[in-house]
Amino acid sequence: MIYAYPCEGVYGLGCDPDSEGDVKKLCHIKKRSLKKGLILISGFFEHFEKYINHLNQSEINEMKKAWPGPHTWLIRANENVPEWIKGNSDLVALRHSSHPEVIKLTKKIGKVITSTSANISNDPAAMTADEVSKIFGNQVKIIKGEVGNLGGATPIQNLETGEWIRR
């Protein structure tokens, strides 16, 4: 199942990150290369525990300074991150969202989901459920709601180096 859901700045597309088939389908309908990797998002910090169990307490505390909220951290991927999520990288992107619809969806599913903007690659991201419907039709399950006021994609920062990948 591919979900379209409102996030902090745009509508996102997501699925179960452990389903290689769903991840490939999501990338196919977006016309996005699997080599790019995907963000893992949840409204619950405990959903990230298996992905961050190799980090030290100082690194976890640094992540928590920006969480929950519209901040994506790039960290070294551990053995729990599927290859099809990392893309051509040894890193994984994680975001503990405070958006109410992300919280509801990840509570219902009971784990993280993937997150990428709801658009065809290189096109503007959808900002409403109607725009998602026009782009993807019935290929996705649309969760209606309001996009947050961030006004675009969330910033991404490398936890280890502090480097900003996207501001």
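Quick note: residue numbers are just sequence positions, from 1. None of the values given here were measured: they were computed from a predicted structure.
- In this structure, the ring of Trp67 has its center no less than 6.0 angstrom from the ring center of His47.
- Looking only at side-chain heavy atoms (C-beta outward), Tyr5 and Ile142 stay at 4.5 Å or farther from each other.
- The two residues Val132 and Ala126 make their nearest non-hydrogen contact at CG2-CB, 3.6 Å.
- Between His99 and Pro6, the closest side-chain pair of non-hydrogen atoms falls below 4.5 Å.
- More than 12 heavy atoms of other residues, nucleotides or ligands lie within 6.0 Å of NE2 in His54, so this atom counts as buried by the packing criterion.
- In this structure, Phe136 and Ile2 have side chains that are not in contact, with every pair of non-hydrogen atoms separated by 4.5 Å or more.
- Considering all non-hydrogen atoms of both residues, Asp18 and Trp84 come closest at O-CZ2, 3.7 Å.
- Nearest heavy atoms, Ile135 versus Ala118: CD1-O, 4.1 Å.
- In plain terms, the two heavy atoms of Leu150 and Pro70 that are nearest each other are CD2-CB, 3.8 Å.
- In this structure, the side chains of Gln157 and Glu163 stay at 4.5 Å or more apart for every pair of heavy atoms.
- In summary, Glu101 and Lys144 do not engage in a salt bridge, as defined by a charged side-chain N under 4.0 Å from a carboxylate O.
- Looking at Tyr51 and Val112, their side chains come closer than 4.5 Å, going by heavy atoms from C-beta outward.
- The shortest side-chain heavy-atom distance between Thr116 and Arg32 falls under the 4.5 Å cut-off.
- A single hydrophobic cluster is seen to contain both Ile41 and Ile143, as judged by linkage of ILVMFWY side chains at heavy-atom distances under 4.5 Å, directly or through other members.
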### Task
Carefully, step by step, assess Arg76 and Asp90 under the rule side chain to side chain contact (heavy atoms under 4.5 Å, CB included).
CA-CA 6 Å; Arg76 296 178 316 280; Asp90 292 329; over 6 Å; no
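- Nearest heavy-atom pair across Lys50 and Asn80 is O-ND2, 2.6 Å.
- With hydrogens and angles disregarded, no donor-acceptor distance shorter than 3.5 Å links the side chain of Ser42 to the backbone of His96.
- The backbone N or O of Ala129 sits nowhere less than 3.5 Å from a side-chain atom of Ser133 that would complete a donor-acceptor pair.
- Taking every heavy atom of both residues into account, Pro82 and Pro17 meet most closely at CG-O, 3.6 Å.
- Linking ILVMFWY residues whenever their side-chain heavy atoms come closer than 4.5 Å, directly or via other members, places Leu26 and Tyr11 in the same cluster.
- Counting non-hydrogen atoms of other residues, nucleotides and ligands closer than 6.0 Å to CG of Asn149 gives a total of 12 or fewer.
- Figure legend: cation-pi geometry between Lys107 and Phe44 absent, as NZ or CZ is not positioned both under 6.0 Å from the six-membered ring centre and within 45° of its axis.
- When the shell of 6.0 Å around CD of Glu146 is examined, it contains 12 or fewer heavy atoms from other residues, nucleotides or ligands.
- Taking hydrophobic clusters as Ile, Leu, Val, Met, Phe, Trp and Tyr residues chained together by side-chain heavy-atom distances below 4.5 Å, Met63 shares a cluster with Phe48.
- For Ser97 and Glu8, the side-chain atoms include at least one donor-acceptor pair closer than 3.5 Å.
- Among Leu55, Ile75, Leu159, the single residue meeting the side chain to side chain contact (heavy atoms under 4.5 Å, CB included) criterion with Ile60 is Leu55.
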### Message
Using the rule given for side chain to side chain contact (heavy atoms under 4.5 Å, CB included), can you reason through Cys7 versus Arg95, listing the C-alpha separation, both sets of side-chain angles and the distance that settles it, and then say yes or no?
### Response
CA-CA 11 Å; Cys7 290; Arg95 183 166 78 247; 4.0 Å; yes
### Test side chain to side chain contact (heavy atoms under 4.5 Å, CB included) applied to Ile52 and Asn78, step by step
CA-CA 8 Å; Ile52 64 171; Asn78 66 13; over 6 Å; no
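- Counting heavy atoms from C-beta outward, Thr106 and Ile113 have side chains that approach closer than 4.5 Å.
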### Task
I would like to know whether Asn119 and Ser117 meet side-chain hydrogen bond (donor to acceptor under 3.5 Å, both in side chains); could you show each step before the answer?
CA-CA 6 Å; Asn119 63 328; Ser117 55; 2.8 Å; yes
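- For the pair Lys134 and Glu131, the salt-bridge criterion is not met [side-chain N within less than 4.0 Å of a carboxylate O].
- Checked for salt-bridge contact, Asp16 and Lys111 meet the test: a charged N lies under 4.0 Å from a carboxylate O.
- Placement of Val92 and Leu38 within a single hydrophobic cluster is found when ILVMFWY residues are connected by side-chain heavy-atom separations under 4.5 Å, directly or transitively.
- Cluster membership check: Val140 shares its hydrophobic cluster with Ile120, using side-chain heavy-atom separations under 4.5 Å among Ile, Leu, Val, Met, Phe, Trp and Tyr.
- Judged purely by atom type and a 3.5 angstrom limit, Thr114 has no side-chain atom pairing as donor or acceptor with the backbone of Leu40.
- No side-chain heavy atom of Thr154 sits less than 4.5 Å from a side-chain heavy atom of His71.
- Within a 6.0 Å sphere centred on CG of Asn61, other residues, nucleotides and ligands contribute more than 12 heavy atoms.
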